[in-house]
Participant: 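Here it is: the structure, laid out below.
Every chain is numbered from 1 and lettered A, B, ... according to where its sequence line falls, protein lines coming before strand lines.
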There are 2 protein chains.
Amino acid sequence: MLLALLQANALPLDVRANLATLDAAAHEAASAGAAILLTPELFPVGYEPRRVRADLDAAALPGIRAELAAIARRHGIGLVYSLPAVTDAGDWHITATLVDGTGATLLAYAKVHLFGPDERAAFAGATQPPAVVHFGGLRTALLICYDVEFPEAVRAAAVRGAELVLVPTALAHGFDEVPQLLIRARALENHVAIGYANHCGTEGGVTFGGGSIVAGSDGAQLAVAGDTATVIYARIDADRIRADRGEVPYLAERRPDLYRQWGLG
Amino acid sequence: MLLALLQANALPLDVRANLATLDAAAHEAASAGAAILLTPELFPVGYEPRRVRADLDAAALPGIRAELAAIARRHGIGLVYSLPAVTDAGDWHITATLVDGTGATLLAYAKVHLFGPDERAAFAGATQPPAVVHFGGLRTALLICYDVEFPEAVRAAAVRGAELVLVPTALAHGFDEVPQLLIRARALENHVAIGYANHCGTEGGVTFGGGSIVAGSDGAQLAVAGDTATVIYARIDADRIRADRGEVPYLAERRPDLYRQWGLG
């Protein structure tokens with residue numbers, strides 16, 4: 001299964017421009033034979049939490065989702081996009097959604113671990129663990145940005161059967177050890193492939209580091225981006241993931257009963 | 001606090017030779033000003049699980065421990081050593097012990113996650129989480145080899161207050177991603193310093209990869225060994241650990257109530 005990642009600069013609250021960027025990337029990725037395109041955190045609205053929360057009309061969200069589904073359908077490619085969502089209680093979450101090449105929603109996830117005062121001012125942290133669906137021959141889960149820095153979040157996906165974890169992110173410049181160390185370690189310690197798609201350039205005064213990465217289930221770097229806009233590709237092989245799990249069976253050799261006694265969960 | 005790590009080749013069941021190697025390293029490390037010397041898994045008896053289990057006289061263990069305490073006392077240096085221990089129920093565990101520069105035992109730990117059929121044939125996995133003691137101005141815990149590849153084990157030490165985790169290991173050749181990726185990620189994701197001391201050369205038909213490492217609480221490689229016998233050094237700074245914890249507060253921003261609901265613990 002060929003995975004494509006979009007790394008790009010979004011324009012805060014210029015949904016038109018951001019969807020055009022995403023549409024062009026979906027065209028490119030589909031033309032290259034990719035089964036799915038992973039895009040960065042909050043890309044359609046830009047990553048500027050307080051401004052998005054203050055100025056984005058929540059009533060516009062269903063229309064934006066419909067346009068994203070139409071992009072997937074038009075190019076016949078799966079798509080992971082990230083948008084705010086408003087709960088029945090009125091809380092704003094940061095979410096990610098996986099739609100297939102017909103535009104049908106297969107999976108949704110709301111970010112559990114919020115990063116920093118801006119996100120916490122604008123959004124509420126969610127509470128549900130990542131769910132898993134079959135996509136492109138792989139059991140697939142979603143996490144968002146800071147979530148993946150916590151081993152517990154990726155473990156929660158892996159123990160639910162995930163083989164591929166797709167992560168929209170917005171990682172500021174200066175944290176290269178997150179993709180280079182933590183993402184690769186998460187992949188290895190769970191024997192999952194991970195795609196981690198970041199912004200680049202500056203949005204709302206924050207400069208993003210790029211460095212989007214695909215890590216294989218042995219921790220290898222399968223693809224990596226620099227600090228400018230690009231689409232990168234990596235082939236994810238389910239047989240390889242299953243072989244890695246046979247060699248050093250981390251998931252089978254966990255001791256969850258002890259972890260519970262130890263007060264970890 | 002200056003930490004020293006011994007990487008060396010042990011001779012299975014030649015306790016005399018192995019204690020001489022360890023004594024020379026303790027002399028060298030103390031002369032260099034180190035507060036503590038970390039040594040590899042089962043180093044005094046050699047890493048050959050089935051043979052150690054079959055041929056080591058458990059009645060010899062108290063005497064070996066007394067000799068190790070005497071080495072620490074003679075050089076006035078803290079020492080982490082690893083030996084088998086036999087429980088009241090007759091189970092053999094792989095353990096690690098921290099003695100101070102007077103030879104007094106400060107901390108003991110028994111390996112929870114056993115690796116591979118040879119270890120499981122010879123030893124039983126233990127069940128207690130790592131405890132934490134103050135040593136050299138740092139809250140210090142012990143883990144052993146395969147334990148540290150599980151994020152849960154290092155997390156258990158960190159949530160108990162550990163700032164420094166000392167890990168005797170016996171890592172076979174061909175698994176360089178363990179020190180280079182997992183150890184550094186464990187250090188970063190918990191903001192703990194980690195020392196990981198490996199064997200080198202061949203013991204009982206297994207070739208060890210060396211690659212012993214000290215990782216700082218930002219994931220940086222503070223010291224690393226090649227594949228031959230050596231003593232390596234790194235200075236561990238408690239203020240630096242506390243500063244890292246302030247920058248990205250991983251430990252404070254965990255969501256343990258959710259992890260429990262998610263069935264992780």
Participant: Give the ring-plane orientation class for A:Tyr250 versus B:Tyr146, where under 30° counts as parallel, over 60° as perpendicular and anything between as tilted.
Facilitator: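 Aromatic pair A:Tyr250/B:Tyr146 classed parallel.
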Participant: Select one option (side chain, backbone, both, neither) describing which atoms of A:Ala158 are under 4.5 Å from chain B's heavy atoms.
Facilitator: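 It is neither, since no heavy atom gets under 4.5 Å.
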Participant: Is it the case that the side chain of B:Arg254 and the backbone of A:Leu264 share a donor-acceptor pair, with hydrogens and angles ignored and the cut-off at 3.5 Å?
Facilitator: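 Yes, the answer is positive, given that a donor and an acceptor are paired below the 3.5 Å cut-off.
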Participant: Roughly how far apart are A:Arg255 CZ and B:Asp147 CG, rounded to 0.5 Å?
Facilitator: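 So the gap between those two atoms works out to 9.5 Å.
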Participant: For the CD atom of A:Glu177 and the CZ atom of B:Arg184, what is their distance to the nearest 0.5 Å?
Facilitator: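 One gets 9.5 Å once the value is rounded to the nearest 0.5 Å.
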Participant: With only heavy atoms counted, which part of B:Ala215 is less than 4.5 Å from chain A, the side chain, the backbone, both or neither?
Facilitator: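 Looking at B:Ala215, nothing touches chain A.
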Participant: Taking A:Ala153, A:Ala185, A:Gly219 one by one, which has the highest count of heavy-atom pairs under 4.5 Å against chain B?
Facilitator: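 Of the candidates given, the most pairs with chain B belong to A:Ala185.
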Participant: Heavy atoms only, distances under 4.5 angstrom: which of B:Ala220, B:Ala126, B:Gly263 has the most pairs with chain A? Name it, please.
Facilitator: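 The residue among B:Ala220, B:Ala126, B:Gly263 with the greatest pair count is B:Ala126.
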Participant: Select one option (side chain, backbone, both, neither) describing which atoms of B:Leu181 are under 4.5 Å from chain A's heavy atoms.
Facilitator: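 Both backbone and side chain.
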Participant: Can you tell me how far the OG1 atom of A:Thr127 sits from the CH2 atom of B:Trp262, to the nearest 0.5 Å?
Facilitator: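 Rounded to the nearest 0.5 Å, the OG1-CH2 separation comes to 8.5 Å.
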Participant: Drop me the distance from A:Glu149's CD to B:Glu253's CD, to the nearest 0.5 angstrom.
Facilitator: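 Between atom CD of A:Glu149 and atom CD of B:Glu253 there are 10.0 Å.
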Participant: Work out which heavy atom in B:Glu152 is nearest to a heavy atom in A:Arg155; give both atom names and the distance.
Facilitator: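 Smallest interatomic distance, heavy atoms only, reads OE2-NE, 2.7 Å.
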Participant: Which residue out of B:Val248, B:Asp257, B:Asp218 racks up the most heavy-atom pairs below 4.5 Å with chain A?
Facilitator: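 Highest number of pairs under 4.5 Å: B:Val248.
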